[in-house]
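The block underneath contains the structure these notes are about, expressed in structure tokens.
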Amino acid sequence: MKVADHAERSRIFNKDVDRVDWHDETLWFVRGKRDKTIHQIPEWEELRNTASQIKAHTLSNLHYYLQEFEKNATANGVTVHWAKDGAAHNQIVLEILKKNKINQMVKSKSMLTEECHLNHFLEENEVEVIDSDLGERILQLAKDTPSHIVLPCIHMKKEEIGELFHEHLGTPAGNADPQFLTAAARESLRNTFLNFKAALTGVNFAIAETGEIVVATNEGNADMGVHLADVHIASMGIEKLIPQRKHLGVFLRILTRSATGQPITTYSSHFKKPGAGKEMHIILVDNGRTRQLGRADFRNSLKCIRCGACMNTCPVYRRSGGHSYHNVIAGPIGSILAPNLDMKEHADLPFASTLCGSCSNVCPVKIDIHDQLYKWRQVIVKEGYVDPAKKVAMEVMAKALASPTLYRLAGKAARTTLKYAPFVVNNKFNAWYLHREMPEVPKSSFGEWYQKNRKNND
Ligand code: SF4
């Protein structure tokens with residue numbers, strides 16, 4: 001069955017006008033906070049350049065740093081696993097749990113496990129998984145998926161969360177106070193932390209030099225899970241590496257400032273070795289990353305540190321919502337990553353952009369996001385994945401724009417149609433017109449006006 005494309009899904013999201021306005025305003029507010037905080041750092045551009053260069057260097061020597069990381073992590077007492085795709089990753093997690101006779105696992109936020117559909121797989125294999133990040137927990141109770149990489153349930157209103165907690169956690173009906181609901185979630189998670197024997201975390205940065213990983217959270221839930229469990233599993237994409245510990249300072253300074261405007265994440269936790277009598281596993285996941293590394297025009301997308309700033313600033317994302325992107329990672333960066341995984345299914349995503357360049361301007365690791373979106377469009381057209389009607393329309397337009405005579409004739413025809421038969425274009429079948437009002441049609445084109453007036457002035 002064909003997946004509904006971005007335009008169709010956006011139309012559904014746009015039916016709830018209040019939600020769209022509030023979604024747009026909230027994310028723009030977060031973008032504003034980011035602007036305010038970065039202006040307090042005079043060396044901000046220097047930090048962006050340095051971060052971008054460290055990532056470029058690491059990606060160019062990824063084979064070397066991956067092996068260094070594996071060697072050092074193993075020497076620390078960690079078991080390192082390699083997974084070529086999501087299925088292999090999920091199988092490794094299941095085997096670790098089975099070997100330890102564990103059927104309950106607490107999980108802190110990890111977009112990679114969303115990408116691998118881990119929860120669903122484990123549930124099918126009779127393993128109970130509880131998400132401990134507040135946003136992820138809300139989505140788990142709602143049987144929903146994240147719409148943003150940093151603010152996973154940004155598409156939900158607090159009243160909806162209040163109702164959800166009333167139904168699942170027994171909070172009083174009608175109470176949507178965020179502080180009260182957060183306290184209720186903490187309370188309900190307490191037993192999970194105390195009783196579950198396995199904890200899975202994501203990885204924000206992995207340091208090749210020391211074999212340690214760094215996990216950034218605002219809630220401390222990763223630390224709670226790991227310290228109380230016997231088995232810690234950390235899932236990371238192979239692009240999360242940085243060469244040395246000294247480089248971490250650059251990334252920690254740009255990550256949360258770009259994400260939420262905070263000076264630093266509340267908890268930046270380092271995990272290096274298992275506690276006495278415990279196990280620590282790190283799973284290095286490829287899942288299409290080496291393929292993207294081999295695409296010269298798109299390899300820079302692997303520099304992404306998942307701050308979400310490109311989403312917060314994107315006018316299309318803010319007004320279409322994350323679920324419109326039908327991919328785990330939404331927004332501008334998701335639209336570059338998704339066609340690499342399945343070009344046919346995600347052929348619409350690089351077109352879900354105005355190419356205004358705001359995403360590239362805010363990206364803390366200087367990914368040329370809007371250029372890559374433009375380049376994907378060309379690849380997708382060449383591969384034949386674009387709607388044939390759109391392709392023909394573009395070819396006709398290219399011919400008209402290349403010929404002054406055709407261009408003049410087309411302009412005249414368009415003015416006549418808009419003046420005497422506007423219903424030909426302004427009707428319910430033309431989605432472009434639905435939210436637009438055209439200006440009054442001029443009597444002549446600018447070219448004609450110029451010709452006439454130049455003659456008058458000669
Ligand atoms: S592409 Fe850049 S701005 Fe977007 S999430 Fe990644 S690091 Fe942040």
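Side-chain atoms of Ser258 come within 3.5 Å of backbone N or O of Ile254 as a donor-acceptor pair. Using modelled atom types, no side-chain atom of Asn287 and backbone atom of Arg289 make a donor-acceptor pair closer than 3.5 Å. Side-chain N or O atoms of Arg257 include none that pairs as donor or acceptor with a backbone N or O of Arg34 at under 3.5 Å. Looking only at distances, a side-chain donor or acceptor of Arg48 sits under 3.5 Å from a matching main-chain atom of Cys363. With hydrogens and angles ignored, the 3.5 Å screen pairs a side-chain donor or acceptor of Arg9 with a backbone N or O of Ala4. Looking only at distances, no side-chain donor or acceptor of His166 sits under 3.5 Å from a matching main-chain atom of Gly162. At distances below 3.5 Å, not a single donor-acceptor pair connects side-chain atoms of Asp371 with backbone N or O atoms of Tyr374. Side chain of His57 to backbone of Ile54: no donor-acceptor contact under 3.5 angstrom is found. At distances below 3.5 Å, at least one donor-acceptor pair connects side-chain atoms of Ser132 with backbone N or O atoms of Lys107. Between the side chain of Asn90 and the backbone N or O of Cys116 there is at least one donor-acceptor pair closer than 3.5 Å.
Within a 6.0 Å sphere centred on CD of Gln179, heavy atoms belonging to other residues, nucleotides or ligands number 12 at most. Around the OH atom of Tyr407, the shell of radius 6.0 Å holds no more than 12 heavy atoms that belong to other residues, nucleotides or ligands. By the 6.0 Å contact criterion, CD on Gln378 is enclosed, its count of non-hydrogen atoms from other residues, nucleotides or ligands being greater than 12. In the displayed structure, Glu159 atom CD is contacted under 6.0 Å by more than 12 heavy atoms of other residues, nucleotides or ligands. Heavy atoms of other residues, nucleotides or ligands lying less than 6.0 angstrom from CZ of Arg291 number more than 12. Annotation for Tyr64: atom OH does not count as buried by contact number, only 12 or fewer foreign heavy atoms lying within 6.0 Å.
Using a 4.0 Å cut-off between charged nitrogen and carboxylate oxygen, Glu8 and Arg11 do not count as a salt-bridge pair. Remark: Glu114 does not engage Arg306 in a salt bridge, criterion side-chain N to carboxylate O under 4.0 Å. A salt bridge links Glu448 with Lys412; the closest basic N to acidic carboxylate O contact falls under 4.0 Å.
Residues Ile213 and Phe69 have side chains in contact (heavy-atom distance under 4.5 Å, counting atoms from C-beta outward). A 4.5 Å side-chain heavy-atom check between Asp133 and Thr217 finds every atom pair outside the cut-off. Contact annotation: the side chain of Arg415 approaches that of Pro442 to within less than 4.5 Å [non-hydrogen atoms, C-beta and beyond]. Looking at Leu141 and Phe165, their side chains come closer than 4.5 Å, going by heavy atoms from C-beta outward. Here the side chains of Gln292 and Arg295 are in contact, with some heavy-atom distance below 4.5 Å. Considering only heavy atoms from C-beta on, Lys391 comes within 4.5 Å of Val381 through its side chain. Side-chain contact between Leu189 and Val106: absent, with no pair of heavy atoms (C-beta onward) separated by less than 4.5 Å. Residues Lys366 and Glu45 are in side-chain contact: their nearest non-hydrogen atoms beyond the backbone lie under 4.5 Å apart.
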Practice task
Any chance you could lay out the side-chain contact (heavy atoms from CB on, under 4.5 Å) test for Phe13 and His323, step after step, and finish with the verdict?
Solution key: CA-CA 9 Å; Phe13 186 73; His323 288 154; over 6 Å; no

Exercise for the section: Report the C-alpha separation of Asn204 and Thr265 in whole Å, then their side-chain angles, then the decisive distance to 0.1 Å, and conclude whether the side-chain contact (heavy atoms from CB on, under 4.5 Å) test is met. Expected result: CA-CA 11 Å; Asn204 289 87; Thr265 326; over 6 Å; no

Exercise for the section: Please report the C-alpha distance between Ser110 and Ser235 in whole Å, then the side-chain angles of each, then the deciding distance to 0.1 Å, and finally whether the side chain to side chain donor-acceptor pair (under 3.5 Å) criterion is met. Expected result: CA-CA 8 Å; Ser110 154; Ser235 299; 5.4 Å; no

Exercise for the section: Check step by step if side chain to side chain donor-acceptor pair (under 3.5 Å) holds for Thr201 and Ser108. Expected result: CA-CA 5 Å; Thr201 66; Ser108 74; 5.0 Å; no

Problem - Asp286 and Thr290: CA distance, side-chain angles, deciding distance, side chain to side chain donor-acceptor pair (under 3.5 Å) verdict - result: CA-CA 7 Å; Asp286 182 336; Thr290 45; 2.5 Å; yes

Practice task
I would like to know whether Asn218 and Thr266 meet side chain to side chain donor-acceptor pair (under 3.5 Å); could you show each step before the answer?
Solution key: CA-CA 5 Å; Asn218 273 329; Thr266 312; 2.8 Å; yes

Exercise for the section: Apply salt bridge (Lys or Arg N to Asp or Glu O under 4.0 Å) to the pair Lys399 and Glu395, showing each step before the final yes or no. Expected result: CA-CA 6 Å; Lys399 285 217 163 60; Glu395 280 167 2; over 6 Å; no

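Taking the six-membered ring for Trp and the full ring otherwise, the centers of Phe121 and His89 sit at least 6.0 Å from each other. A ring-centre distance under 6.0 Å is not found for His148 and His155.
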